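Encoded as structure tokens, the structure appears first; notes follow it.
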Amino acid sequence: MRVISQKRMNSAIMVAIFLAGFVVFHFIGRYFVPMLAYTRHEQPVDFSHVFHGNDVDMSCETCHFFYEDGSWSGIPTLDVCMNCHSEQLGESEAEKVFVTEYVQKNREVQWELYFRQPQCVSFSHSSHVKEAKLACETCHGPQGLSRHPTKYIVNRITKYSYVVYDSASSTIGSALVRSPEENVWGTMGMDECAKCHRARGVSTACFICHK
Amino acid sequence: MSSQTDMPTLQRCSAPKFLLWLSFWVLLLLWGAYGAFLCLYKGLNQTGMNNYFVFGVWITVDLAIIALGAGAFFSGFLFYVLRFNFLKELIGAAVVVGFICYSGAIGMLTIDIGQPLRGYFSFWHANVHSMLTEVIFCITLYLFVLTIEFVPLITENRRIREMPFLRHLGENLHGIMVVFALVGTFLSFFHQGSLGGMFGTLFARPFSYRTGVAIWPWTFFLFILSAIAAGPALTTLVVWATQKITRRRLVNRPTLSRLAKLSAILLVIYLVLKAADTIYWANFTAPEMGFRFTDFYKSPYGMWLLFGEFYLFGLVPAIILLIPRARDNDFWLVIGCLFTCMGIVLNRFSFTIQTLAVPVMPFEKFVVYSPTWQEWSIVAAVISYGVILFSLAYRYLHLFPREAELNG
Amino acid sequence: MKVDRRIFLKTLAFAGGGSLGFLSSPAPWHIVRDLARWTQNWPWVPVPPHGQPAYEKAICMMCDGGCGIKVRKVGPRMVRIDGDKDHPLNRGLICPHGTAALQTVYGPSRIRQPLKRTGTREKPDWKPVSWEQAIGEVAAKIQEIRAAGESHRIVCITNNCESTVNQLLERFLQAVGSKNLVRMNSGRDVRNVALKLMQGVDGDMAYDIENAKLIASFGCSLLEGWGTWGRLYRSYARTFADNPVQIIQVEPNLSITASKATQWVPIKPGTEGALALGIAHVLIRERLHDEDFVEKHCFGFEDWEDSSGKGHSGFKSHVLAQYAPQAVERITTVPAKEIEKLAFKFAENMPAVAVGGKGDGQLFTNVYELMAIHSLNALMGNINKTGGVFVKPEVPLTPLPPVVMDEEAARGYAVDRLDGAGSAAHPFSKSLPGNLKADEIRMLFVHDSNPYYAMPEQNTAHELFEKAPFIVALSCCMNESAARADLILPLNTGLEKWDDQIVAPDSPHPIYNLSRPLVEPLYDNKDAGGVLIEIAKTLGGTIAESFPWASMGEVLEMRVQGIHETGRGMIASPDAMAMLDRGLGPEGSLSQQYPSFASLWKKLLEDNCWFDPEPHHGPLQKALLTPSKKFEFYSQRLKDAFGFEEDAACMPHYEEASLNKDGFDLVIMAEDTLTMADDGKDTPPFLMKQLSDNVLKGNELFVRINPITALYHDLEEGDRVIVESPRGKVEVRLHLFEGVREGVVLIPLGFGHSAYDEFLRDKGVNANEVLEAKTDTITGLPIWWATPGKITKV
Amino acid sequence: MSTESPQQSVRYGMVIDLDKCTGCGNCAVACHMENNVPFRTDESDKSRNMAWLRIYKVKNGAEYPHARVAYIPRPCMQCDRHTPCVSVCPASATNYDKSTGLVDQINTRCIGCRYCMAACPYMVRCFNWWDPAWPADAEKYLNPDVAPRMRGVVEKCTFCSHRYIQAKNRARQEGRNYLEKGDYIPACVEACPVEAMHFGDLNDPEYEVAHLIKSPRAFRLLERLHTEPKVYYLSSHEWVRRWADNDAVNTQSAYSQQRQGVES
């Protein structure tokens, strides 16, 4: 009897060790690796969309607009900001930093772009906004309602924002985004693009999205 | 084998001697590793390939060793499925040779593609129309099969057999090996054929392009046939060489002869079909595309290639090995098998390099390709990888079941 | 033993579980995927940034053709150049050099700050210096020379373009006390001498090819860069139009122009003049010529008597006697029948122009050849006529104010030019850089030119750069001449600078191209004009007084006022082009459209080009300023200058080119290609990409010969050979081409640079090393297009 | 995979008039500027250099003075049927778009196996043997609309498909959802100084190309392969047409004889 139980004991220990190994490494793979693989950056300037949009009552098009040739301006360059901020407006710390560090030194702000696509992608804002009449929020989420810039979480290997690929993968997402404020809404992966294109019967030819 | 509980202890050379033997091949392997490093770090500009010769010596060697590795699946098929029991003596060795060939080929392919880190795209974004997709899938899957076939060999190791789980695993695998043999045969059949199809479907390349029945099933079967003819020849060569190097008898002499005879018969069938293919292609396919037969054979890719492939390394070894007295003589056996193997290398060379050398556009010229040392080093590395793995397998695994008995 | 095994098994279990656990987590797959994405985003592969799109017009400065271009900008970067459809010269067509110009602007051979040489001239080392120091050194050197009373030994070699910068250079030298602004020669200079001799005009010939029905080109590489490329290509395109123009190409070898012309007339090298006279013979014999024009406006056609009563034979009897088609056939190898046909073709397709000047304008021929060709235009009465030949009209710019000169300046300026141009020996030439002598020079400026590489008189050029005591290079890139300077004052390139072009080559319209900076200067460089102004200011005194402006932009603004004052012409724009296409003149005068100068200036800055669709050439008399006030088949000026006794010496005639020399059985001819800039300028890498591998392979240059020549010399395709001439030898490889005339070795120009960047340096050999420059006794210009040679296998 | 018979409404194609072409190279230079094609110190190695549009020079082989040359600019043929490169790509990195007829690709998906290059009869595809590198500040002129490729991938002419996207963007900006004639033109066609190159929808009679391809002068390269290239050539010279290998019967004899007559 004792011999048998000793054997069973041994087997049980073996199984336990096996399971322990499984759990530990699964956990490492699921939570620890994403934390290692991604790094978080602060935006250089504490920008508030709400302030500009609601309190100053600017329209979105003041900063984000189409150029004459139908290409998209994206994040405004310093000269757009300088239309108002050529001198310090208000007393906030962010404004002080912005004016002294960037406006006065005539230095472009190196914004981290959550939605920056890989360089092989040519995304046409025009086709999505003007032709398909998609709202900005469809892809970008309620960015316009942010009071502070969200942390920028970037993959160390690929140098892409996690939004571009990984927000669709809930496990990685939950390992990365620690609080709701850190979450950048939306996803920009190719699979998402393709899904929507197929659903709407839009061309999925390579050159439609790739350059 | 599964019934044997106690393996005899086999006599092996001393450790220093073995290490000395290994060290030569390891050096060669390291040279190849350096070449591979250069190709991966600096890019494929390190090779002699160019926009005309997009495939070089690596693909030639790939095709050749995959063809030669066919010995594994074919022997497996004959042994497990058709119950050719005489093959029991060397089925283990055949599996190891097959494993070496396939893993070596995949290793070489990884360096050959421009973006190895993206290599998995061919699975992830597979294009079902591409012959290459089929080849990649089948080769990879077949490598899995070979790995599984390899496992029982490992579990027969004396030390490993001490562990009950692994022993059981090995024994059970053995029981179902017939399934894997069948799967392997199926997969091999496909990709050996597809490798031919890879070039046969290139309608821009009049040298290898075949139409209609000439491509399917003709080219497919030509490739399969040539592979299963050459595979056993390589197995024979390897066994013979191992016997020579270890100075031990490993298999019954008649076994080798029977294997060689098999090879020769298949070779003859292949040659007949190949001749038919060539004649049809030279007289119908090529002229339809505005080419004369001689347009394809320009210096240095001259007519000697066809001669070598067909006569010297085709008919000659076939005849040698068909004569019982010749194949029972070690010298002629080796010559016959060696020529068979060289024939297939030459055939695969023509299919890759010469195919690309023939200009497609009328205002292009014949071009010549010569590989760089980096390319050769990796070829050498694959060969030394094979030697090392086979040496280790021979030393530590029980590759030849009758070894103890024959040297008893 | 037992414990060991346990531990081993436990470790194995843990490792097995761990591997399975890890593999079942997303991590390994994500790592594999991320590595693949890393390859798609390699940090060393550049990502061109987006930005605000803009298109701005500009002038192409890759050559002096003066084509209008349109530059695409993305934010602060220039990313593309296309032709400007609204420019009257090229109407949207530009050559590959223009298309690739950004490779030069952003190229590796640009100089980024003033440099002072520390090493030797052969092996220079460069030390960056500040602009203050560089200009200070130049000024100090000039002061020193002036103090020594040797200001007339200050020489400046510049390009052959008509521009305000060149006028400022001339002005600067005058203010300092020197006459020696020496322009690099071009084939145009020979044409100018022919014009001076036959029409008495100091100026340029202008061909109205837009309206001609036939263009008879005597060896001009019309499609390889002759004149304004865009303009010539428009003419070529007209050969396919419904009402086509015919291009007759007379040339020994099958050049691109020859292969694309309506008709190619293969001819023995150097006998083009004889063929022109042969055609003249048929025209006169058959009375196909414009008898009215010849009678009224020509001198020396019929036999005549001079004031002393001495009889002279006229052009008519000269040509009828000497240049019968059979005789010409013997000279040129062109069949007599063909000559007759050509003459009829020429006469039947009026208006037709005969144009001369070999190569793309960098090759130099004998002046009599050009006179012979030009006499065809006069015979047909095509002087000052639509579709014929004009004298290039002037652009009504405000002249620069008079130079203020101090005592030393006045003294130095009174001394004759060092190159002998305009002297009794060479009365008709403006500049003769080949006559410069290093030991007469105290200081040498080299502005925007590359004499060390490009001058036909290579011995002179090399001596200049070896021995001239102080060389200052004003250059935007490190060319061979700049590389041998003592001090480099780096210039902005065409798209970053203020500049202008006053004369577009060969166009009968006055055209003014204004070039303004499109982007901030990339480096610590300046405009040539700005540099001169700064040096003048540093020198002070009357020199500073002569340069009262603050910047080059200011100078140009001042000059353009002259255009505004005349009120003529129009600014190049879509509307202007539309009107031009409909054959309309400007709607109202310029001053009605732009009442204030500011409005005109603003528009000119946008559109870069002013031109006059009605050239206002005035009466024929204005184009005939010879002593006889007529077109002179017999040049009295030539007689006066050289006192030739023989009548033929003052008339167009054929002089055999001495291309035979003992021991040299072949003729080496220079080949102008479009791909290579042959005037010593930079050739962008994308043009090198276009070169066939039987022009350049590795660093080896190929010369081309006929397979029959090869057969005689026992040579084969690809052979390495030595091409040798009395001047020198080069090692090249052979390419056999049936389009090359038997006995000719064609060597392409523009290779063999020793400076510039790795994309151009050490590629092939410089054809100048074998081509011999002879001197034309009349013009003093080199005769430089062919030389006796031989070829031997290595 | 390509369709058996092209049914799509738009088929962008090109017609190149070889009678007009002078081989000036402006198309190629414009193409390479537009598409961020890299360059190297030694561009004379034509077997390894990068050229989306190559200009071949052919001769009639006759003796002086009857020798003549012709230039054949060769962009991607954009094969319409049995598109050789598309069917062979194992990673689906290249694709035939039915809506425009363009053969396009995703360079970042290419694994660099080069099978497509072996398959392409026209030597259109180039492999990035090296990492592209631009000297000094030359990176500054790169076109943001085309991503520079990395080493180890195959690339080819795209008929400037990015210009198609731009044209669409521009049209939308002007309130149109369709393209007008001339909105979308590849860089090479735009740059051709003699209008030897024409571009447009081969199915739309409004475009000149739709008529030109029916000209008796029209032919295509290697027609016998039945890849149905959408790049047509025009020439009035029989010997030029023969160079294109247009006619299998006549070519047979001419083929070998004329092998020598090639310039590049």
Side-chain angles (χ1 to χ4, degrees), chain B residues 42-47 49-55 109 112-137 198-199 201-206 287-292 294-295 298 352 355-356 359-367 369, chain D residues 1 45-49 56 58 72 74 82 84 86-93 108-115 117-123 125-131 150-154 221-222 224-227 242-245 247-249 251-252 254-256 258-259 261-263:
Chain B
K42 293 187 171 174
L44 291 180
N45 53 64
Q46 299 290 307
T47 70
M49 291 187 277
N50 56 45
N51 291 339
Y52 295 94
F53 287 102
V54 292
F55 299 144
L109 259 181
D112 199 352
I113 62 175
Q115 288 285 354
L117 289 173
R118 296 183 200 164
Y120 75 92
F121 284 8
S122 51
F123 300 102
W124 199 248
H125 303 288
N127 171 14
V128 291
H129 301 288
S130 173
M131 285 286 172
L132 190 56
T133 308
E134 201 171 310
V135 170
I136 292 172
F137 267 80
M198 240 185 98
F199 292 91
T201 54
L202 293 182
F203 58 85
R205 299 288 175 182
E288 264 168 35
M289 300 200 296
F291 286 91
R292 281 176 311 190
T294 46
D295 286 339
K298 294 268 167 68
T352 48
T355 293
L356 297 170
V360 185
M361 284 197 286
F363 38 84
E364 291 277 4
K365 293 172 213 159
F366 249 87
V367 270
Y369 157 77
Chain D
M1 226 8 220
D45 181 1
K46 303 296 173 194
S47 65
R48 274 191 171 189
N49 79 346
Y56 291 90
V58 296
I72 306 182
R74 192 240 46 210
H82 290 158
V86 171
S87 54
V88 300
C89 177
S92 316
T108 43
R109 192 186 279 172
C110 174
I111 63 170
C113 73
R114 308 182 294 285
Y115 191 21
M117 300 174 72
C120 175
Y122 305 102
M123 297 298 298
R125 290 177 164 263
C126 296
F127 185 72
N128 281 275
W129 299 100
W130 288 272
D131 265 311
M150 60 289 296
R151 75 154 188 257
V153 302
V154 179
L221 286 183
L222 302 179
R224 58 183 162 79
L225 296 179
H226 301 293
T227 55
R242 234 184 298 141
W243 269 120
D245 217 4
D247 183 340
V249 183
T251 309
Q252 249 199 80
Y255 188 80
S256 315
Q258 296 219 334
R259 275 269 134 121
V262 186
E263 278 273 302

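Atom set for the values below is all heavy atoms of this structure, side chains included, hydrogens, waters and symmetry mates excluded. Small disclaimer: the values here were computed from a predicted structure and weren't measured. Each chain gets a letter, A, B and so on, in the order the sequences are listed, and its residues count up from 1.
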Using a 4.5 angstrom heavy-atom cutoff, name the option from G119(B), P116(B), S122(B), A126(B) with the most pairs to chain D.
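When all of G119(B), P116(B), S122(B), A126(B) are compared, S122(B) has the most.
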So which of E134(B), M49(B), K42(B) has the largest heavy-atom pair count under 4.5 angstrom toward chain D?
M49(B)
Looking only at heavy atoms, what is the nearest atom pair of [X] and [Y], with distance?
{"X": "F203(B)", "Y": "H82(D)", "value": "CZ-O, 3.2 Å"}
{"X": "N49(D)", "Y": "N51(B)", "value": "O-ND2, 3.4 Å"}
{"X": "N127(B)", "Y": "V86(D)", "value": "ND2-O, 3.2 Å"}
{"X": "L132(B)", "Y": "P90(D)", "value": "CD2-CG, 3.6 Å"}
{"X": "V360(B)", "Y": "P121(D)", "value": "CG1-O, 3.4 Å"}
{"X": "F55(B)", "Y": "Y115(D)", "value": "CZ-CA, 3.7 Å"}

Roughly how far, to the nearest 0.5 Å, is the [atom2] atom of [Y] from the [atom1] atom of [X]?
{"X": "S47(D)", "Y": "K365(B)", "atom1": "OG", "atom2": "NZ", "result": "11.5 Å"}
{"X": "M361(B)", "Y": "M123(D)", "atom1": "CE", "atom2": "CE", "result": "7.0 Å"}
{"X": "Q46(B)", "Y": "W130(D)", "atom1": "CD", "atom2": "CH2", "result": "9.5 Å"}
{"X": "I113(B)", "Y": "C110(D)", "atom1": "CD1", "atom2": "SG", "result": "9.0 Å"}
{"X": "M131(B)", "Y": "S87(D)", "atom1": "CE", "atom2": "OG", "result": "9.5 Å"}
{"X": "F291(B)", "Y": "R224(D)", "atom1": "CZ", "atom2": "CZ", "result": "4.5 Å"}

Whatever's closer than 4.5 Å to a heavy atom in chain D on L356(B) counts as side chain
Tell me, side chain or backbone of T355(B) under 4.5 Å from chain D's heavy atoms, or both, or neither?
neither
Give a yes or no on whether the backbone of [Y] and the side-chain of [X] come within a donor-acceptor separation of less than 3.5 Å.
{"X": "R48(D)", "Y": "N45(B)", "value": "yes"}
{"X": "R118(B)", "Y": "T108(D)", "value": "yes"}
{"X": "Q115(B)", "Y": "R151(D)", "value": "yes"}

Test item: D112(B) and R114(D) side chains (from C-beta on) under 4.5 Å apart, heavy atoms:
yes
Which one of L225(D), V153(D), I111(D), V88(D) has the most heavy-atom pairs closer than 4.5 Å to chain B?
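Between L225(D), V153(D), I111(D), V88(D), the count favours I111(D).
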